[in-house]
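Just so it is clear, the values below take in all heavy atoms, side chains as well, and ignore hydrogens, waters and symmetry mates. The model shown is predicted, which means the values in this text are computed figures rather than measured ones. All chains are named by letter (A, B, ...) in the order of the sequence lines, taking the proteins before the strands, and each is independently numbered beginning at 1.
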Amino acid sequence: MLCIHNSLTGRKEPFKPMRDNQVRMYVCGMTVYDHIHLGHARMLTVFDLVQRYLRARGFDVTYVRNVTDIDDKIIQRAAQNGEDWAALARRFTDSMHEDCARLGLAPPDHEPRATAYIPAIVAMTRTLIDKGYAYVAEDGDVLYAVRKFADYGRLSGKRLEDLRAGARVEVDEGKRDPLDFVLWKHAKPGEPSWPSPWGPGRPGWHIECSAMSVSLLGDHFDLHGGGMDLKFPHHENEIAQSCAACGTPFVNVWMHNGFVRVDDEKMSKSLGNFFTVRDVLSTLRDPEVLRFFLLSSHYRGPINYSAAQLAQADETLLGLYRALADTPGGGTADPVAMEPLTAAMDDDFNTPEAFAVLQAEARALNAAKATGDGASAAARAATLRAMGRVLGLLQADPAEYLKRGVGAGLADADIERLAAERRAARTARRFKDADRIRDELAAAGVILEDKPDGSTAWRRA
RNA sequence: GGCUAGGUGGCAGAGUGGUCAUGCAGCGGCCUGCAAAGCCGCGUACAGCGGUUCGAUUCCGCUCCUAGCCUCCA
């Protein structure tokens, strides 16, 4: 039984989709005004895992992840660059897609862009006005009247009075309540705009997600995800909009992933302490190291980024690939051995626990290899691979993976040549020469391993 | 100030009312010409103070500390 921690109730609950085994999930994606950073990578990886596991569990998943391609920051950045805002949004959408592909993330089933949903956004805004939940302010902005929605604050556990007390928002002239938020922004001169019953303007951020999710998944669906920081106000506002406009419950299960930190501080664009995915990837032997690192702690907790942590993840993942290397093929995964993995994942996607299961399997595989039990090794290897598939890991060719390194170094051919020289020296029992070559290779970042059958394998450190 | 998560061995990180996480690093052994890799073994970990209990790292209370949200943010 799959259980998921629901942010709405604060507890783990058995997961049951509304329509037999169909799962409809929506995740808040990126505002595309820069390259994606490690924080985005965690969110993307976590929900890729969720989506992947749900499918592995036999659910028929519709995964929607939006792109916010119109926003103050995009307009601002474009103005700074002297670039067309739409061109900038397209450029960074492409950049995100490149990074996602490198991270091995499955594309969502739908990736709606806000600018393609203006009619739906306008329609929902109109409905909210008609139903008395929204009003047109003097400056032409359309605002949501928070006090009209009785459940406001339920997701984030906040009460309106508390929010007002701590409100740091400047009290806008047109707002009836400082917490009222904008659904439609009237256009200022020179800004991109779309026509609407309230004059030319553009959508507020929150209404986009409501309009896109409802359009693609219906008024009421199963799962909604995003980063912790979106819980309030973004997701709170989505609930207020969608529930009010549709007159139905909105989402059954809310999932929020924890942050990536740097020096125990949140990594974010506003703090300026962020690492882009592409920069970090260039320091790694393979993007899989980053995925492994991101999944090595539970998705709801914080994770601290550092080069040392990444190095540790690299070493651990390498060990798993070493276990997989030189194993006989033809084995089939053992369903009984898979059970602990399923149990771990069923427990709110407990990836650290799942990793421990992988390690146990790798140890058994190594033991089988050491004793020369080929049949067992083949089965264990197949099992380990199957486990990796569930997590989106360990699908590369082990021999190739182990030869990968970071940056330039000795070419494969040179390594092979030196290794052959050493083998000759060793066969002739000229151990001094053999050891000298091995030391040279080690200095160049290449590690040799003599196999029991007399052959020598190599890998990059 | 309000609300929400946390504080686990050198590091990372799960979990549990009473034998075990797991990984990295370290130490010892086996293996090896020597290594590497692997296997086996080792290390008096659960912020502090009370309470409940036969027994608490695990439950309850308080204290201290950290982070997040309360404004855009994955």
Student: For Val357(A), report the nucleic acid contact type (base, sugar-phosphate, nothing); a contact means any heavy atom under 4.0 Å.
Tutor: nothing
Student: Determine, using ring centers only, whether Phe250(A) and Phe221(A) are less than 6.0 Å apart.
Tutor: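 Ring centres of Phe250(A) and Phe221(A) closer than 6.0 Å.
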Student: Check step by step if side-chain hydrogen bond (donor to acceptor under 3.5 Å, both in side chains) holds for Tyr152(A) and Asn237(A).
Tutor: CA-CA 8 Å; Tyr152(A) 196 80; Asn237(A) 292 352; 2.5 Å; yes
Student: Need the pair for A47(B). Rule: Watson-Crick or G-U wobble, both distances under 3.5 Å, any strand; none if unpaired.
Tutor: U63(B)
Student: Considering every strand shown, what is the Watson-Crick or G-U wobble mate of G10(B) when both distances are under 3.5 Å?
Tutor: C24(B)
Student: Reckon Gly29(A) touches a base, only the sugar-phosphate, or nothing at all at heavy-atom distances under 4.0 Å?
Tutor: sugar-phosphate
Student: Side chain of Asn366(A) only, please: which of A74(B), G38(B), G23(B) is the nearest?
Tutor: G38(B)
Student: Between G41(B) and C60(B), how many Å separate the two C1' atoms, rounded to a whole number?
Tutor: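 About 40 Å, rounded to a whole number of Å.
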Student: What contact category does Arg322(A) fall into here, base, sugar-phosphate, or nothing, at under 4.0 angstrom with non-hydrogen atoms?
Tutor: sugar-phosphate
Student: Among the candidates C34(B), G23(B), A14(B), find the nucleotide nearest to the side-chain atoms of Asn350(A).
Tutor: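 Closest nucleotide among those given: A14(B).
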Student: Base, sugar-phosphate, or nothing for Asp264(A), non-hydrogen atoms under 4.0 angstrom?
Tutor: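 Sugar-phosphate contact only - Asp264(A) comes under 4.0 Å of backbone atoms but never of a base.
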Student: Among G68(B), C11(B), C34(B), which nucleotide has an atom closest to any side-chain atom of Arg438(A)?
Tutor: C34(B)
Student: Reckon Asp450(A) touches a base, only the sugar-phosphate, or nothing at all at heavy-atom distances under 4.0 Å?
Tutor: base
Student: Need one value for His234(A): base, sugar-phosphate or nothing, where a base atom within 4.0 Å counts as base even if backbone is also close, heavy atoms only.
Tutor: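 Here His234(A) touches no strand at all.
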Student: With the side chain of Asp162(A) defined as its heavy atoms from C-beta on, choose the nearest nucleotide among A36(B), A74(B), G2(B).
Tutor: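 So the nucleotide nearest the side chain must be G2(B).
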Student: For Leu448(A), answer base if it contacts any base atom (sugar-phosphate contacts may also be present), sugar-phosphate if it contacts only those atoms, and nothing otherwise; contact means non-hydrogen atoms under 4.0 Å.
Tutor: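 Base contact.
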Student: Quick check for you: among A14(B), C24(B), A74(B), whose closest atom lies nearest to any side-chain atom of Gln312(A)?
Tutor: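 Nearest to the side chain of Gln312(A) among the choices is C24(B).
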Student: Considering only atom C1', compute the distance from A12(B) to G55(B) and round it to an integer number of Å.
Tutor: 31 Å
Student: Students often get this wrong, so: under 4.0 angstrom with heavy atoms, is Lys266(A) touching a base, only sugar-phosphate, or nothing?
Tutor: base
Student: Expressed in whole Å, how much space separates the P atoms belonging to C49(B) and U57(B)?
Tutor: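 About 11 Å, rounded to a whole number of Å.
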Student: Of the nucleotides C69(B), U22(B), G38(B), which has the atom closest to the Phe232(A) side chain?
Tutor: C69(B)
Student: Say whether Asp373(A) and Thr371(A), considering side chains only, have a donor N or O and an acceptor N or O under 3.5 Å apart.
Tutor: no
Student: Can you tell me, in whole Å, how much space there is between the C1' of A14(B) and that of U22(B)?
Tutor: 8 Å
Student: Tell which nucleotide pairs with U32(B), taking only Watson-Crick or G-U wobble pairs whose two distances are both under 3.5 angstrom.
Tutor: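 Base-paired to nothing in any strand shown.
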Student: Side chain of His206(A) only, heavy atoms from C-beta on: which candidate in G38(B), A36(B), C72(B) is closest?
Tutor: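 So the side chain of His206(A) is nearest to C72(B).
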Student: For Asp435(A), answer base if it contacts any base atom (sugar-phosphate contacts may also be present), sugar-phosphate if it contacts only those atoms, and nothing otherwise; contact means non-hydrogen atoms under 4.0 Å.
Tutor: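 Base: the residue Asp435(A), judged by heavy atoms under 4.0 Å, touches a nucleobase.
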Student: Say we look at G2(B) and G51(B): how far apart would their C1' atoms be, to the nearest angstrom?
Tutor: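 Taking atom C1' in both G2(B) and G51(B), they lie 29 Å apart.
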Student: Rounded to whole angstrom units, what separation is found between the CD1 atom of Ile447(A) and the C1' atom of A35(B)?
Tutor: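 Rounding to the nearest Å, CD1 of Ile447(A) and C1' of A35(B) are 11 Å apart.
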Student: Ring-plane angle category for His206(A) and His234(A), please: parallel below 30°, perpendicular beyond 60°, tilted otherwise.
Tutor: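 Tilted: the ring planes of His206(A) and His234(A) meet at 30° to 60°.
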Student: Rounded to whole angstrom units, what separation is found between the CZ atom of Phe292(A) and the P atom of G13(B)?
Tutor: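 About 13 Å, once rounded to whole Å.
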Student: Looking at Arg57(A) and Asp346(A), is any side-chain nitrogen of the basic one under 4.0 Å from a carboxylate oxygen of the acidic one?
Tutor: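 Between Arg57(A) and Asp346(A) there is a salt bridge, with a charged N closer than 4.0 Å to a carboxylate O.
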Student: Can you tell me the distance, in whole Å, between the OH atom of Tyr321(A) and the P atom of G23(B)?
Tutor: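 Checked: the OH to P distance equals 19 Å.
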Student: Measuring from the side chain of Glu449(A) (C-beta onward, heavy atoms only), which nucleotide among G38(B), A74(B), A37(B) has the closest atom?
Tutor: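 My answer, after comparing the listed nucleotides, is A37(B).
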Student: Grab the CZ-P distance between Arg154(A) and U4(B) for me, whole Å please.
Tutor: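 Atom-to-atom, Arg154(A) to U4(B), this comes out as 15 Å.
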Student: Decide side-chain hydrogen bond (donor to acceptor under 3.5 Å, both in side chains) for Ser95(A) and His35(A); before the verdict, give the C-alpha distance in whole Å, the side-chain angles of both, and the deciding distance to 0.1 Å.
Tutor: CA-CA 6 Å; Ser95(A) 162; His35(A) 296 296; 2.7 Å; yes
Student: So which nucleotide from C70(B), G33(B), C72(B) ends up closest to the side chain of Arg422(A)?
Tutor: G33(B)
Student: Using atom C1' in both nucleotides, what's the gap between A5(B) and G9(B) to the nearest angstrom?
Tutor: 23 Å
Student: Report the nucleotide, chosen from G13(B), C70(B), U22(B), that has the shortest atom-to-atom distance to any side-chain atom of Arg363(A).
Tutor: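 So the side chain of Arg363(A) is nearest to U22(B).
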Student: Between C1' on G7(B) and CG on Asn304(A), what's the gap in Å once rounded to a whole number?
Tutor: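 After rounding, the gap between these two atoms is 14 Å.
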Student: Remember a base hit wins even if backbone is also touched, and classify Phe259(A) as base, sugar-phosphate or nothing at under 4.0 Å, heavy atoms.
Tutor: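 Base contact - Phe259(A) has a heavy atom under 4.0 Å of at least one base atom.
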Student: What is the nucleic acid contact for Pro233(A), judged by heavy atoms within less than 4.0 Å: base, sugar-phosphate only, or nothing?
Tutor: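 Sugar-phosphate contact only - Pro233(A) comes under 4.0 Å of backbone atoms but never of a base.
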Student: Checking Thr456(A) against Asp450(A): is there a side-chain donor and acceptor pair closer than 3.5 Å?
Tutor: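 Judged by distance alone, the side chains do pair up.
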Student: Nearest heavy atom decides the nucleotide; on that basis, is Ala311(A) or Lys432(A) closer to the 5' end of RNA chain B?
Tutor: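 Between the two, 5'-proximity favours Ala311(A).
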Student: Considering Watson-Crick and G-U wobble pairs with both distances under 3.5 Å, what does C3(B) pair with?
Tutor: G68(B)
Student: Ring centres under 6.0 Å, that's the criterion: do Phe292(A) and Phe355(A) meet it?
Tutor: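 For Phe292(A) and Phe355(A), the ring centres are under 6.0 Å apart.
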Student: Side-chain donor or acceptor of Lys73(A) under 3.5 Å from a matching atom on the base of C72(B)?
Tutor: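 Checked by distance alone, the answer is yes.
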Student: Mapping Tyr299(A) and Ser156(A) onto RNA chain B by nearest heavy atom, which one lands closer to the 5' end?
Tutor: Ser156(A)
Student: Distance between the C1' atoms of U16(B) and A45(B), in whole angstroms?
Tutor: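 My reading of the C1' atoms in U16(B) and A45(B) gives 14 Å.
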Student: I need the CD1-C1' distance between Ile303(A) and G23(B), as an integer number of Å.
Tutor: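 Atom-to-atom, Ile303(A) to G23(B), this comes out as 14 Å.
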Student: Please state how far atom CG in Leu320(A) lies from atom P in G38(B), giving the value in whole angstrom units.
Tutor: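 Taking CG of Leu320(A) and P of G38(B), I get 11 Å after rounding.
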Student: Mind checking Gly39(A) for me? I need base, sugar-phosphate or nothing, with any heavy atom below 4.0 Å counting as a touch.
Tutor: base
Student: Considering only the C1' atoms, how many Å lie between G13(B) and U52(B), rounded to the nearest integer?
Tutor: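 Per the computed distance, 30 Å lies between those C1' atoms.
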Student: Please work out if Arg426(A) contacts a base, only the sugar-phosphate, or nothing of the nucleic acid, heavy-atom cut-off 4.0 Å.
Tutor: base
Student: Starting at CG of Asp326(A) and ending at C1' of A36(B), how long is that distance when rounded to a whole Å?
Tutor: 13 Å
Student: Determine whether the aromatic ring centres of residues His37(A) and Phe275(A) are separated by less than 6.0 angstrom.
Tutor: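 No, too far apart.
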